[in-house]
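Step one of this worksheet: look at the structure below.
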Amino acid sequence: MDSPNGREVCATIRDTAERRQLVTTLRVQAERLRIAVETMQDALAFFDADNRLVLCNTPYLRMLGDPPFEAVVGRSYEDLLDMWMVSLAWDGEEDRRRFRAQRIAARGDPGAVFEVRTPLGRILRVLDRRSEDGGLVKTIWDLTDDVLLAEELKEARTAAEAASAAKSEFLSSMSHELRTPLNAILGFAQLLGRDKKEPLSKRHKERADQILRGGEHLLRLIDDILDLSRIEAGRVSISTETIDVRRVLDEVRSSLEGAAARGAVQIAVAPLTADLPDVRADRTRFIQILMNFATNAIKYNQRGGHVTIGARVVAGDFVRVEVADTGMGIPLDKQDKLFQPFQRAGQEAGPIEGTGIGLVITKRLAEQMGGRVGFRSVPGRGSEFWVDLPAESSTAPAKEIESQPHRPVPAVLGAHRRLVVYVEDNPANVTFMRDLLGDIDAVELATAPTAEMGIELCRARKPDVVILDINLPGMSGFEALAHLRAEPAFAELPVIALSAAASERDKQRAARAGFDHYLTKPVQVEELLKVLDDILGHDSSQR
C-alpha cells in the first residue's frame, strides 16, 4: 500500500506443514477405516448424531438393493430403513408398520438387538449401537448357516441319543435273553456237581466243571459289555462311602484264591502300614476294579508265579492300591493302547480268554469316583496295575452296610413242611428249581407259569416264601408284588425276585418296590439256598 513514506508491503508467513501432515494422516486413517469396513463380510453402517449415513460397506449396500454409495450417503436412518424393509419378509402390513415404529423408537437405546427374515428364509441379526459422539453403528449378521448348523447338531444329538437308548434297550434285552438259557445251563451244571444220590464220576465231574467255567466266562462277557454300555451312556450310579481298604483287599484275595490255585499262582496281600487311611469310594465298584486287576494278574501269569496286592498313601491325599504280578508283561508297542476298548496287549489271538474292555471299565469307574488308574510293565518280568482313590480325611472305621432284616421266623421247622411258590414261565428254569429243592425234605415247591396264577396259588396255599420272576407274560413281577402287598394276608410275606435283568438300576427298582431279595439269573445255587435258609430258618443246603 502507499504511504507518506512510499509504498509499503505487509506480509504474513505461516508454516502449514503441520496442517498438511494432519490432513494427510486423517486421509490415511479414513482410507484405512474404509478398507477395514469394506473387508468385513457382515453389513456395517455408520450414522452421525443427526442419524444420517456417513459410511457403509458393500454388504450393507447390497441389502439396500445395490445403490451407489453417493446415492445413499447423507440419507436419514428412516429413509434407509424403508429401503431395507423392501427386501424383508412380513406377515402383513401391520407387522411391517409395527417393526418400523419399533426400530425408530429404539434408535436411542445403548444397544438394540433384533432379528429379521428375508423372503428366501435367510435369518439376519441386527445390532444398533450408539457411539460416544451420539452417532449410531449398525451391524447386520447373516445367521442362517449358524442356525442351520445348530438345528443339524440338535437333530444329530437327538438321533445319537435315540441310537444310544436303542442300543441300551437292545443290550438290556439281549442280556435278559442270554441270561435266561444260561440260568438253565449253569443251574443244571451246579446240580450235577452237587448230586449226592448219584454222584458223577471223576471224568463226568470234570466235564461238568468245563460247562460251568465256559458258562461263567460267557456271563462275565455279558456283564462287561453291559457295564461299558452303561458307563458310555452315563447311567452308572456311584454311591461313595468310607471303606476300610484292609477288608476289601482280604475279600479280593479270598475270592480269587481258588482261581489262583487252579493256575498254580500264589496270591497274597502285602503288609500294610498301621496308619493306612480309609478311602472314599463305591464299595462294589472298588472291588470290581481290584477283581479285574487281580484276575488279569492271575490269567497272564506263569505257573509258580506270584500276585501281590498292596496299598500305600501317595501324594495328593490318595491311597494307591497296587496289584503286581510276575507274568509275561506287556509289549512296549502295546502299552499306549492298553486302556482303549478291545485291546488285549497282543493276546487277541492267544489262548487266554477275554474281551479287552475290562481295563476300559476300571479306568472309567475310577474316574467317576474321583480317582485314577495306571500301570508299569516290563516285558518278560511282570506288570503292576494300580488305582488311586481319595483318602478319607477321618480314619474312623467304615460303617458296615447292614443287609435288609428278614422277618422273624422260627428257628426250628417243626413237623410241617415249608411251602415255596415259584412263579416262572420258562420250563427249563422250573425244572431246575424242582431238581434243586426236590431233595430237601423240609421244603415243598409249587409252581405257576403266570403272575395271575401265582397270586391265586398264594391265596389257596398260603406259602412261606415266594420266588417271583420279573419278566412274565401278562402281569409283570412288579405288578404281582403290588397285588400281594395290597392284601393283608401277604403284607409280610417274604418275596424273592429272580430275574435275568441284572443292572444296578433293576436292583434298585426292585428294592424300592419292596422285594426282600433280588437274585439274578444265572442263579448261584449256594446264594439261593442261603437266602432260603435265612428266610425259612433252617439249613436247606443239607441234601
Side-chain angles (χ1 to χ4, degrees), residues 183-184 186-188 190-198 402-470 472 475 477-478 480-499 510-511 513-543:
N183 185 58
L186 294 179
F188 282 114
Q190 291 177 79
L191 290 182
L192 286 173
R194 294 171 55 87
D195 197 326
K196 295 180 181 178
K197 288 185 177 180
E198 298 182 13
E402 297 181 358
S403 60
Q404 183 176 357
H406 300 295
R407 297 175 177 84
V409 293
V412 180
L413 287 174
H416 70 284
R417 302 174 74 191
R418 292 303 180 92
L419 177 63
V420 176
V421 167
Y422 182 36
V423 184
E424 169 65 70
D425 63 317
N426 186 287
N429 291 337
V430 172
T431 303
F432 160 71
M433 193 66 70
R434 281 179 177 154
D435 286 356
L436 174 62
L437 302 182
D439 292 336
I440 303 177
D441 294 334
V443 172
E444 177 185 356
L445 179 68
T447 65
T450 67
E452 293 84 353
M453 295 176 66
I455 293 172
E456 291 302 322
L457 183 59
C458 290
R459 290 169 179 161
R461 301 288 305 276
K462 303 296 189 295
D464 296 284
V465 61
V466 173
I467 302 175
L468 186 60
D469 188 23
I470 297 296
L472 292 165
M475 183 186 295
F478 288 107
L481 178 66
H483 279 276
L484 288 172
R485 291 287 185 249
E487 299 187 22
F490 304 126
E492 299 296 317
L493 175 66
V495 181
I496 302 169
L498 183 57
S499 174
F515 282 99
D516 294 83
H517 293 274
Y518 190 90
L519 303 180
T520 58
K521 299 174 183 177
V523 66
Q524 294 295 319
V525 169
E526 295 296 339
E527 182 183 17
L528 174 59
L529 293 179
K530 183 179 184 305
V531 170
L532 289 174
D533 290 344
D534 292 342
I535 293 177
L536 298 177
H538 71 95
D539 185 7
S540 60
S541 64
Q542 299 300 316
R543 301 291 299 272

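The shortest side-chain heavy-atom distance between Leu532 and Ile496 falls under the 4.5 Å cut-off. A 4.5 Å side-chain heavy-atom check between Val443 and Leu536 finds at least one atom pair inside the cut-off. Between Ile440 and Leu529, the closest side-chain pair of non-hydrogen atoms falls below 4.5 Å.
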Inset, instruction - Could you check Val466 against Leu481 for side-chain contact (heavy atoms from CB on, under 4.5 Å), going step by step and ending with a plain yes or no? - result: CA-CA 10 Å; Val466 173; Leu481 178 66; over 6 Å; no
Inset, instruction - Report the C-alpha separation of Leu468 and Val421 in whole Å, then their side-chain angles, then the decisive distance to 0.1 Å, and conclude whether the side-chain contact (heavy atoms from CB on, under 4.5 Å) test is met. - result: CA-CA 8 Å; Leu468 186 60; Val421 167; over 6 Å; no
Inset, instruction - Evaluate the criterion side-chain contact (heavy atoms from CB on, under 4.5 Å) for residue pair Thr447 and Met433; output intermediate values, then yes/no. - result: CA-CA 9 Å; Thr447 65; Met433 193 66 70; over 6 Å; no
Legend entry - Full working for side-chain contact (heavy atoms from CB on, under 4.5 Å) between His517 and Ile535: CA-CA 10 Å; His517 293 274; Ile535 293 177; 4.0 Å; yes
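A salt bridge links Arg459 to Glu456: one of the charged nitrogens lies within less than 4.0 Å of a carboxylate oxygen. Ion pairing between Asp533 and Arg418 fails under the 4.0 Å rule for side-chain N and carboxylate O.
Panel note: side chain Arg461, backbone Val420; no donor-acceptor pair is recorded below 3.5 Å. Side chain of Glu424 to backbone of Asn426: a donor-acceptor contact under 3.5 angstrom is found. Proximity of a side-chain donor or acceptor of Asp516 to a complementary backbone N or O of Val495 within less than 3.5 Å is detected.
In plain terms, the two heavy atoms of Ser499 and Asp469 that are nearest each other are CA-OD1, 3.9 Å. Taking all atoms of both residues into account, the shortest heavy-atom contact from Leu457 to Ala446 is CD2-CB, 3.8 Å. Across every non-hydrogen atom of Ile455 and Glu487, the tightest pair is CG2-OE2, 4.4 Å. Taking both residues in full, the closest heavy atoms of Val430 and Tyr422 are given as CA-CE2, 4.0 Å, listed atom of the first, atom of the second, then distance. Nearest heavy atoms, Asp425 versus Pro449: CB-O, 3.4 Å. Tyr518 and Ala510 get closest at one heavy-atom pair: CD1-CB, 3.1 Å.
Once rounded to the nearest 0.5 Å, the distance linking CG of Leu419 with NZ of Lys462 reads 11.0 Å. Between the NZ atom in Lys530 and the CG atom in Leu519 there is a gap of 11.0 Å [rounded to 0.5 Å]. Atom CD1 of residue Ile470 and atom CG of residue Leu472 lie 7.5 Å apart, to the nearest 0.5 angstrom. Atom CD of Gln190 sits about 10.5 Å away from atom CG of Leu192, to the nearest 0.5 Å. The CG atom of Leu186 lies 7.5 Å from the CD atom of Gln524; values are rounded to the nearest 0.5 Å.
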